[in-house]
Each structure stands twice: as C-alpha cells, then as structure tokens.
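Notes to accompany the following structure.
Per chain, numbering begins at 1; letters A, B, ... match sequence-line order. Note: hydrogens, waters and symmetry copies are ignored here, and every other heavy atom, side chains too, is used.
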Amino acid sequence: MSDGSSFYITTPIFYVNDVPHIGHAYTEVAVDVLARWHRQRGDDTWLLTGTDEHGQKILRTATANGVSPKEWADRLVETAWKPLLETVNIANDDFIRTTDERHERNAQKFLQHLYDAGHIYTGEYEGYYCVGCEEYKQTTDLVDGTGEYAGQPVCAIHSKPVELLHEKNYFFRMSAFADELLALYEANPNFIQPESARNEVISFVKSGLSDLSISRSSFDWGIKVPWDETHVVYVWFDALLNYITAIGYGEDEDTFNSRWPATHVVGKDILRFHAVIWPAMLLAASVPVPKQIFGHGWLLVGGEKMSKSKLTGIAPSQITDTFGSDAFRYYFMRAISFGQDGSFSWEDLSARYQSELANGFGNLASRVIAMVVRYCDGVIPTAGPLSERDAAIHATELRATDAAGEAIDRLAIHEALTAVWELVDELNGYLTLEEPWSLAKDPAKRERLETVLATAVRGLGTLAVLLSPVVPLATAKLWTALGGTGVVTDQRIDQASEWTGSGRVAPLEALFPRIEATVEAAAAVPAAPAVTAVPVTEPHNA
RNA sequence: GGGGCGGUAGCUCAGCUGGUUAGAGCAGCGGACUCAUAAUCCGUCGGUCCCGGGUUCAAGUCCCGGUCGCCCUACCA
C-alpha cells in the first residue's frame with residue numbers, strides 16, 4: 001500500500017451543458033482527496049477529470065446561441081468547468097475533453113477494433129419519436145391522445161402525436177457479455193462498491209441485457225464512426241472511452257499499461273454505464289476491466305435530491321466565497337458517509353465549520369503555537385521522559401494514521417476523518433489536563449512544560465500531514481508555522497508522526513477564522529431558495 | 001405491479017451474525033479553566049428505536065401485516 005504502486009483514479013467527465021453545482025464539486029473533491037492521499041503515500045498517482053462535449057443537446061444549445069458546438073464547448077470549459085476545479089482546489093494530473101484529438105483518434109481505434117472483432121452489427125432502430133422532446137420515447141412514455149389526436153399515441157409531456165421512425169444504427173452486442181459480467185461481479189466483490197450499488201447492478205444484469213445502439217445519424221456533432229462517416233458515436237460510448245484515451249490507449253502502450261486499470265468514482269445515477277456498459281466494452285476489446293467502480297450518493301437539500309430544476313442547485317462558489325475551499329472539502333467529506341446519500345444544509349455546514357474546524361482544529365493550532373512562542377521563544381522544546389499521557393498521545397497518532405489509511409483503502413473517506421479527529425480532540429483534552437500555562441509559572445516544572453509542548457507540537461504536525469489531502473490550504477499554512485521540512489504534501493502520510501522540521505515555530509494566523517456576521521448572511525440568504533423558491537443564479541447558458 | 005433501501009434523542013447519524021440500564025457529534029443546560037479563534041475541558045438534560053401483530057428466556061436487531069419517503073425495474077388492459 002506504500003510501495004509506489006500505480007493508483008489511477010477518475011471522476012466522471014462533466015457534460016458541458018450542465019451548470020456546475022455542489023454535486024459536481026463533491027465528486028471532484030472526493031476523488032481529489034483520495035488522489036492526494038495516495039500521492040502522500042508514495043503511490044504513482046494519476047487523477048483524471050475532464051469534459052464530455054458531444055451530443056445533440058450541445059449542438060442544439062450552441063446553435064441557439066449562434067456559435068459552433070466546439071466554440072460553445074470551449075466557452076463552457078473555460079468559464080465554468082475549469083474554474084470549478086479552481087474553486088474547490090482540485091489537483092488533477094490531466095484534463096481530457098472528448099473533443100481532444102487524442103480522444104477522437106483513439107476512440108475510433110477502439111471502435112474499429114470492436115467492429116473487426118465482430119462485436120458490432122448493423123441493425124435498425126424503430127421507435128416513436130417526439131419532436132418536442134427530440135428523443136425516442138418508450139411506449140410507457142406515451143398516452144392515448146384526446147380531442148383531435150384521439151386514437152393515436154401522444155407524448156405524455158407534449159400531448160402531441162409522436163412519429164414512428166426507423167433509423168439504421170450500429171449495435172454493440174452487449175447481451176453476449178452478461179454471463180462474463182456476472183462472473184466478474186461474483187469473483188470480485190469489490191469491483192462495484194458500495195454493497196448497495198453492487199446488488200443493484202447484479203440484479204439488473206441478471207434480468208437480462210439487451211444490445212446497445214452505439215451510433216446516431218440524425219445529427220453530426222460527435223465522433224465519426226470510422227467505417228461509416230454518416231454516423232457519429234453515441235455520446236455515452238464516446239464518453240466512457242475517455243478513461244483510456246487519456247492515458248495513451250491506442251498509441252502509448254507503456255503509459256497505458258503503467259496506469260490502467262482505474263478506480264472510477266461516479267454518482268449512483270450513472271453507475272450502470274460504468275458498471276455494466278463500460279466493462280462490457282472493455283471485455284469485448286480485450287482490455288482489462290477497471291479496478292473498481294464506486295458509486296457515491298446524492299446530496300439532499302431539504303430532504304430532496306438536489307437539482308437545478310427544483311431550484312435547490314447550489315453553486316460551489318456560494319459556499320467557498322464565505323467558508324473557503326478547505327471548509328467545502330472538509331464538510332462534504334466529513335459529514336457524509338461516502339457512498340450514501342447525504343443531507344446538506346447551511347446550518348450544518350456553518351455549525352461544523354465553527355465547532356470542528358475553527359474551535360477544534362484551528363484553535364488547537366493557535367494555542368499550541370502561541371504557547372511555544374510565549375514560553376519557549378518560538379523554539380520547539382525537546383521532550384524529556386514521557387508520562388503515560390504523553391505516550392497515549394503518541395499511541396493515538398499511530399492509531400489515527402493506521403485507521404485513516406485503512407479507511408481510505410475502502411474509500412471510506414468519512415471514517416478516515418473521524419479517525420484523524422480523535423487526535424484533534426485528544427490533543428485539546430491533553431492540554432487542558434496538563435495545563436502548560438500553569439507549568440510555565442513554576443521554573444521547577446520546566447522540563448515537564450517542555451515535554452508537554454513538544455508532545456503537542458508533534459501531534460499538531462502529525463495532524464498537518466494527515467489532513468493535508470482534505471484541507472490543503474490550512475495545512476500548508478500550519479506546516480510553515482511549525483517549521484516543517486519541505487512542503488507538507490511531500491510528507492509520507494502513512495508515517496505522519498515521523499515528520500521533521502527546523503525546530504522553530506512561526507506565528508500563525510487563524511486557520512479557520514470565526515465567521516460571525518457572515519455566517520448569518522450565508523445561512524440566511526442562500527438557504528432561501530430551497531424554501532421560497534427564489535431562482536438560483538445561473539451564470540452561463542440560458 | 002415486482003424488487004431494493006430507509007424511517008433510532010431538537011438536528012445529522014452509529015448500532016455486525018438478536019442478549020446487561022439504546023450510543024456519538026452538534027445544539028441546549030450547569031460547572032471548571034484561561035494557553036487559544038468568548039476558545040478548551042468536565043458534567044448534565046434529552047429517545048413509545050414509524051405503527052400493529054408474531055417467534056424467543058430475550059428484539060432497535062428475526063418473521064408477517066400496515067404506513068410514510070426514496071431508488072431500481074416492469075407493465076396487463
């Protein structure tokens with residue numbers, strides 16, 4: 001687990017037409033925390049994210065805005081999606097766009113490969129098409145018409161007649177892989193996690209797989225099907241391939257082999273694409289399947305799934321403008337069991353910011369450093385003989401380090417934080433019991449004072465190392481204040497308590513300053529939309 | 001219609017294969033302390049474990065029924 005092995009992790013790629021909300025940021029942060037953790041463990045880590053830019057919807061909005069689809073995508077990537085990564089401080093190693101040449105070229109290679117191997121056939125798709133919806137409807141989406149349309153099926157949404165259309169399509173023989181997939185799920189219980197996600201996928205596949213239409217000819221904004229340029233590749237088929245085209249599939253075997261297979265973290269709404277279609281595609285192409293697919297839960301606002309249409313969508317910057325990116329990252333990682341749905345509320349966010357970050361961790365850093373400055377002129381003292389309590393702190397450092405690392409291996413980010421926070425709480429309690437401010441008044445207790453402060457400083461440095469993946473800005477400041485060697489992100493997280501430094505501390509500003517008046521403003525104003533349905537500002541597309 | 005998940009203190013949630021007085025954090029209340037971001041530490045209040053049956057020496061924990069919420073999936077006419 002710390003042998004420099006490869007760790008390749010991905011986020012889903014953003015559909016550029018969406019408006020960034022905290023759900024997108026949540027996924028990014030989770031993946032980023034895992035990636036940072038692995039980097040600090042010495043693993044050869046690679047974090048990929050990017051954008052999904054093809055498809056009819058994008059073509060349509062681009063046209064409506066009077067620009068080409070590529071121009072439209074360029075604009076959204078630059079104004080919305082790359083800024084989102086900045087907003088929540090994502091340290092990605094690559095950013096792939098499905099319009100990148102490297103992607104298009106190698107996605108075509110992949111497709112041609114499947115075609116040559118006989119996994120693709122020509123079929124005909126017949127279905128009812130609703131012009132209003134601009135999509136094929138299932139018969140269950142249709143209702144009997146009334147009035148002038150009596151007797152014919154109409155779209156349940158538009159109440160207008162649908163057209164029966166035939167379209168030639170290329171189909172991927174996905175049905176042939178059902179047994180192989182089930183065997184895969186069976187043989188590797190961790191392939192799909194958490195358990196609830198795994199069960200759902202298994203029961204879905206057991207109920208039978210149908211073949212997948214993978215091309216469209218009614219519009220042309222997509223990757224051309226290599227043997228038939230009148231067709232473009234179905235957007236999901238195209239999008240999934242980003243995970244391999246980004247690391248050299250088709251043209252750089254060495255790089256590809258050194259990174260693949262990946263850990264895919266996705267929202268549970270797109271789990272099936274990743275846990276069924278994607279592995280089937282890879283099996284067909286004789287490419288190893290992913291290491292793991294993890295489906296996380298949804299963010300609930302006011303008890304409902306957060307959504308733009310319900311006006312509960314929240315822009316990440318609404319949170320980070322007030323609380324900062326560290327608090328955003330910490331809050332969502334700590335408050336929500338990764339894998340389950342989680343409730344978001346401004347009240348909970350500001351409560352946790354105050355009690356856990358400001359009063360718990362931030363204040364601990366302040367008081368320890370202040371005492372070293374005050375009682376030892378900023379020189380970190382050397383510990384003398386250790387008391388039972390001192391030893392207990394050291395034991396907790398080791399226990400937290402191990403427990404957190406083990407939790408990260410299970411992608412239980414929230415548990416990792418819980419484990420680390422035991423050290424925060426114990427250190428605060430330790431100081432209260434040892435009362436270094438009292439020891440300082442008695443010269444005869446000098447050695448004891450120094451031992452206590454040395455122990456506290458050591459614990460604080462351990463926290464800086466352990467929390468660096470989650471709150472990188474605060475821990476960098478803390479690291480500097482502690483006189484830590486090099487940068488904190490280079491410190492081995494699996495040996496967090498073995499950190500070294502110059503032996504001097506520097507003054508430290510409050511890591512998480514209290515947010516007094518602004519808390520009320522933040523809690524009151526942005527919370528309003530969920531209750532009173534005030535529209536959330538959407539800065540980009542109409 | 002089938003299938004799955006969930007309904008535990010004011011809030012957010014733990015409670016594995018059933019076993020002593022049902023737990024945590026936050027909020028509330030009381031106290032201690034002063035190094036620190038009026039922060040920290042200690043104590044304390046607080047629950048018909050959705051409802052009704054059943055199995056058992058014993059059920060939040062298993063079974064049946066009901067109810068509410070969510071998710072997946074499928075429709076007969």
Side-chain angles (χ1 to χ4, degrees), chain A residues 138-144 194-210 267-272 275-276 295 297-307 327 331-332 334-376 389 412 414-415 417-419 421-422 424-441 449 452-453 456-457 460 474 477-478 481 505 507-516 519 523:
Chain A
Q138 300 297 313
T139 52
T140 52
D141 295 326
L142 302 175
V143 296
D144 293 331
E195 208 57 30
S196 53
R198 177 170 186 263
N199 293 338
E200 212 154 79
V201 169
I202 288 176
S203 71
F204 174 77
V205 174
K206 276 188 176 162
S207 74
L209 288 183
S210 50
K268 66 182 181 183
D269 48 329
I270 55 173
L271 179 69
R272 192 179 303 160
V276 180
W298 286 329
L299 300 184
L300 306 178
V301 178
E304 290 188 55
K305 182 192 174 192
M306 187 192 64
S307 79
Y331 172 72
F332 286 104
R334 176 69 190 268
I336 297 171
S337 292
F338 196 53
Q340 301 189 326
D341 291 351
S343 308
F344 167 83
S345 73
W346 289 94
E347 291 77 8
D348 191 37
L349 167 62
S350 66
R352 282 184 184 272
Y353 178 90
Q354 200 68 268
S355 75
E356 295 169 17
L357 289 177
N359 299 347
F361 177 49
N363 182 57
L364 172 68
S366 294
R367 64 197 302 213
V368 169
I369 286 174
M371 284 190 279
V372 173
V373 169
R374 187 153 162 176
Y375 304 137
C376 306
R389 279 209 282 257
H414 57 292
E415 285 186 42
L417 274 171
T418 300
W421 230 256
E422 280 183 35
V424 173
D425 292 336
E426 267 196 48
L427 281 168
N428 271 320
Y430 171 78
L431 291 175
T432 298
L433 288 171
E434 296 294 340
E435 301 184 49
W437 50 91
S438 300
L439 299 172
K441 289 173 186 156
L449 169 68
V452 169
L453 290 183
V457 168
L460 195 54
K477 285 183 203 162
L478 176 56
V505 301
L508 176 66
E509 60 185 289
L511 293 178
F512 299 97
R514 289 182 63 83
I515 298 173
E516 301 282 7
V519 166

Q: Pick the P atom in G65(B) and in A27(B), then give their distance to the nearest Å.
A: 43 Å
Q. Are OP1 or OP2 of A14(B) and a side-chain N or O of Gln340(A) less than 4.0 angstrom apart?
A. yes
Q.
Please give me the minimum heavy-atom distance between Gly297(A) and Asp341(A), naming the atom from each residue.
A. CA-OD1, 3.4 Å
Q: Report the distance from atom CZ of Arg272(A) to atom P of C72(B), rounded to the nearest whole Å.
A: 8 Å
Q: For Gly429(A), report the nucleic acid contact type (base, sugar-phosphate, nothing); a contact means any heavy atom under 4.0 Å.
A: sugar-phosphate
Q.
Can you measure Phe361(A) atom CZ to U40(B) atom P for me and round it to whole angstrom units?
A. 14 Å
Q) With sugar-phosphate meaning primed atoms plus P, OP1 and OP2, does Tyr375(A) contact a base, only sugar-phosphate, or nothing at under 4.0 Å between heavy atoms? A) sugar-phosphate
Q: Write down the atom of Arg334(A), the atom of His414(A), and the distance for their closest heavy-atom approach.
A: O-CB, 4.1 Å
Q) Taking the P atom of each, how far is C42(B) from G66(B), in whole Å? A) 49 Å
Q: Hunt down the Watson-Crick or G-U wobble partner of G1(B), both distances under 3.5 Å, from any strand shown, or write none.
A: U73(B)
Q: Under 4.0 Å between any heavy atoms, over every strand shown, what does Trp421(A) touch: base, sugar-phosphate, or nothing? Just pick one.
A: nothing
Q. Parallel, tilted or perpendicular: which describes the rings of Phe344(A) and Tyr331(A), with under 30° parallel and over 60° perpendicular?
A. perpendicular
Q | Complementary nucleotide for U40(B) - Watson-Crick or wobble, under 3.5 Å | A | A32(B)
Q) Using atom C1' of each nucleotide, how far apart are G3(B) and A77(B) to the nearest Å? A) 23 Å
Q) If you look at every strand shown and take non-hydrogen atoms under 4.0 Å, does Ser203(A) touch a base, only sugar-phosphate, or nothing? A) nothing
Q.
Need one value for Leu433(A): base, sugar-phosphate or nothing, where a base atom within 4.0 Å counts as base even if backbone is also close, heavy atoms only.
A. nothing
Q. For the residue pair Ala327(A) and Leu357(A), what are the closest heavy atoms and their distance?
A. CA-CD1, 3.8 Å
(Q) Within the 4.0 Å heavy-atom criterion, would you say Ala358(A) contacts the bases, only the backbone, or no part of the nucleic acid? (A) base
(Q) Could you tell me how far apart Lys477(A) (NZ) and U37(B) (P) are, to the nearest whole angstrom? (A) 15 Å
Q.
Between Arg334(A) and G25(B), is there a contact of a side-chain N or O with OP1 or OP2 at under 4.0 Å?
A. no
Q | C1' spacing across the pair U48(B) / C41(B), given as an integer number of angstrom | A | 36 Å
Q. What are the two closest non-hydrogen atoms of Leu453(A) and Pro436(A), and how far apart are they?
A. CD2-CB, 4.1 Å
Q.
Base, sugar-phosphate or nothing for Arg352(A)? Non-hydrogen atoms, less than 4.0 Å.
A. nothing
**Q.** Nearest non-hydrogen partners of Ala474(A) and Phe512(A), listed with the distance
**A.** CB-CZ, 3.5 Å
Q | Whichever of Val424(A) and Glu435(A) has its nearest RNA chain B nucleotide further upstream toward 5' | A | Glu435(A)
Q: If A14(B) has a Watson-Crick or G-U wobble mate with both distances under 3.5 Å, name it; if not, just say none.
A: none
Q: Considering only atom C1', compute the distance from A22(B) to U8(B) and round it to an integer number of Å.
A: 8 Å
(Q) For Val505(A), run the side chain to side chain contact (heavy atoms under 4.5 Å, CB included) check against Val373(A), Val368(A), Leu460(A) and tell me which one passes. (A) Val373(A)
Q. At under 4.0 Å between heavy atoms, what does Asn359(A) touch on the DNA or RNA strands: base, sugar-phosphate, or nothing?
A. sugar-phosphate
**Q.** Same-atom distance (C1') from U17(B) to U34(B), integer angstrom
**A.** 50 Å
Q) Using a cut-off of less than 4.0 Å, is there contact between a side-chain N or O of Ser196(A) and OP1 or OP2 of G4(B)? A) no
Q | Spacing of the P atoms in G30(B) and C68(B) (rounded, Å) | A | 43 Å
**Q.** C1' gap between C45(B) and G7(B), integer Å
**A.** 25 Å
(Q) Let's test this: given Watson-Crick or G-U wobble pairing with both distances under 3.5 Å, identify the partner of G65(B). (A) C51(B)
Q: Return the 5'-most residue of the pair Ser207(A), Glu356(A) with respect to RNA chain B, ranking by each residue's nearest nucleotide.
A: Glu356(A)
Q.
Just to be sure I understand the rule, does Glu434(A) reach a base, reach only the sugar-phosphate, or reach nothing, if contact means heavy atoms closer than 4.0 Å?
A. nothing
